[in-house]
Amino acid sequence: MTSRPTATSFALLGLIGVKPWTAYELVAQARRSLHFFWPRSEAHLYAELKRLVERGHANAELVEGKRRQRTLYTITPAGRSALTEWLATAPAAPAIEVEALLRMLLADQGSLPDLRAALATTSRQAREMRDDAINLGEELLGAGGPFPQRLHLTERVVALYGEFLLLLIRWCDETSDEVAKWSDTRDLGLTPQGRDRLENLVDRAREIP
């Protein structure tokens, strides 16, 4: 029995709904767009493509390539209907997965140097991701990307992702400065600076309806 479609299933189906793709092209496009906010391994994506065909949501056709045959995926009427139905359902609750936050939460069971190293690594990673996002933004502003007619949708996704990266970079810098004042990761309690930040956060959150 074929497994039930997941959000990743519909993510790929949506890309196929924009235009037909070979498997290689589709995974490359997922890496270019979906990976920023919906990261999945290439192996997972290739396996999900096969499941789309098994469900009757996509057709797979061998086509001639420059060097060898490739599989071209196109959406079926059943796939288009399933995608339309999924888009009308309520989305799952938002989730954040940042390992640096996990390291921070458990830092009192490790060392101060390890925490500083984790923050430095996350800061570097976030800045590299920011640079990639800048390149993407400049491409969209310039040539418009491969689908300029869809930029009203893409811009809204890029806007949130970009703000998240800027927030993460600021958090890394602010937290690194804070941790530099610590003598240990244990038993410090709420610092005066921490209380100010927490109170400010609660106040700002209350202002949003």
Side-chain angles (χ1 to χ4, degrees), residues 6-8 11 14 27-42 44-45 90-145 147 150-209:
T6 64
T8 301
V27 170
Q29 179 62 24
R31 187 168 58 246
R32 166 189 165 82
S33 56
L34 302 181
H35 183 75
F36 288 108
F37 56 92
W38 198 259
R40 297 296 183 272
S41 70
E42 290 190 6
H44 185 102
L45 296 179
I96 298 177
E97 185 173 312
V98 180
E99 189 170 324
L101 296 181
L102 186 59
R103 301 291 185 98
M104 174 59 63
L105 191 63
L106 303 177
D108 57 354
Q109 300 178 63
S111 71
L112 198 56
D114 286 343
L115 176 58
R116 289 170 176 161
L119 290 169
T121 298
T122 303
S123 177
R124 174 181 54 78
Q125 293 167 338
R127 282 172 162 81
E128 290 172 353
M129 295 163 71
R130 176 211 50 196
D131 292 344
D132 290 340
I134 289 173
N135 291 335
L136 175 61
E138 289 176 342
E139 178 186 344
L140 296 178
L141 288 170
F147 304 106
R150 304 185 75 250
L151 281 180
H152 60 296
L153 308 174
T154 304
E155 180 274 330
R156 287 289 76 206
V157 174
V158 171
L160 178 58
Y161 179 72
E163 291 292 348
F164 166 73
L165 289 181
L166 295 179
L167 174 62
L168 181 57
I169 290 171
R170 290 196 299 271
W171 178 85
C172 286
D173 292 345
E174 181 182 81
T175 306
S176 295
D177 290 343
E178 175 78 6
V179 169
K181 305 171 187 175
W182 295 357
S183 58
D184 198 352
T185 59
R186 298 168 180 82
D187 303 325
L188 293 178
L190 188 60
T191 66
Q193 297 88 347
R195 177 174 292 278
D196 288 344
R197 287 192 295 266
L198 192 55
E199 289 177 346
N200 180 262
L201 176 61
V202 171
D203 289 341
R204 286 188 291 115
R206 285 175 175 152
E207 294 173 357
I208 299 177

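Numbering starts at 1 and runs along the sequence shown.
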Here the gap from Arg197 atom CZ to Leu190 atom CG, rounded to the nearest 0.5 Å, amounts to 9.0 Å
Look up atom CD in Gln29 and atom CG in Leu45, then write down how far apart they are to the nearest 0.5 Å. 12.0 Å
Among residues at least two apart in sequence or on other chains, which ones pass side chain to side chain donor-acceptor pair (under 3.5 Å) with Gln193? none
State which residues pass salt bridge (Lys or Arg N to Asp or Glu O under 4.0 Å) with Asp187; sequence neighbours excluded, sorted by chain then number. none
Strictly by ring-ring contact (aromatic ring centres under 6.0 Å, His included), give each pair with a member in residues 152-173 just once, sequence neighbours left out. Phe36-Tyr161
Counting only pairs under 3.5 Å, give me each side-chain donor-acceptor contact of residues 92-107, with atom names and distances, residues two or more places apart or in other chains.
from, atom 1, to, atom 2, distance (Å)
Glu99, OE2, Arg103, NE, 3.1
Glu99, OE2, Arg103, NH2, 2.8

CZ of Arg186 to CG of Asp108: how many Å apart, nearest 0.5 Å? 7.0 Å
Using every non-hydrogen atom in the two residues, find where Ile169 and Ala126 come nearest and quote the distance to one decimal. CG1-CB, 3.7 Å
With Arg130 via salt bridge (Lys or Arg N to Asp or Glu O under 4.0 Å) - residues at least two apart: none
Could you report the tightest heavy-atom contact between Ala11 and Leu34, atom names first, then the distance? CB-CD1, 3.7 Å
Going by the rule ring pair (Phe, Tyr, Trp, His ring centres under 6.0 Å), which residues pair with Phe37 if we only count those two or more places apart in sequence or in a different chain? none
Return each pair, listed once, that meets salt bridge (Lys or Arg N to Asp or Glu O under 4.0 Å) where at least one residue sits in residues 110-120; pairs must be two or more places apart or across chains. none
Rounded at 0.5 Å granularity, tell me how far CG in Leu165 sits from CG in Asp131. 10.0 Å
For a 4.5 angstrom cut-off between non-hydrogen side-chain atoms, does Ser111 reach Thr185? no
Name all pairs fulfilling the side-chain hydrogen bond (donor to acceptor under 3.5 Å, both in side chains) condition that reach into residues 132-144, sequence neighbours left out, sorted by first residue then second. Arg32-Glu139
Sequence neighbours left out, what passes side chain to side chain donor-acceptor pair (under 3.5 Å) with Ser176? Give chain and number order. none
Leu119 versus Cys172, closest heavy-atom pair with distance: O-SG, 4.2 Å
Validation row: Glu178, Thr191 side chains within 4.5 angstrom (heavy atoms): yes
Any pair counted as salt bridge (Lys or Arg N to Asp or Glu O under 4.0 Å), so long as it reaches residues 150-171, sequence neighbours left out: none
Listed by chain and number, what are the salt bridge (Lys or Arg N to Asp or Glu O under 4.0 Å) partners of Arg204, not counting sequence neighbours? none
CG of Leu188 to CH2 of Trp182, rounded to nearest 0.5 Å, is 6.0 Å
Got a sec, which residues hit side chain to side chain donor-acceptor pair (under 3.5 Å) with Thr122, two or more places apart in sequence or on another chain? none
Nearest-0.5 Å distance that lies between atom CD in Glu42 and atom NE2 in His35: 9.5 Å
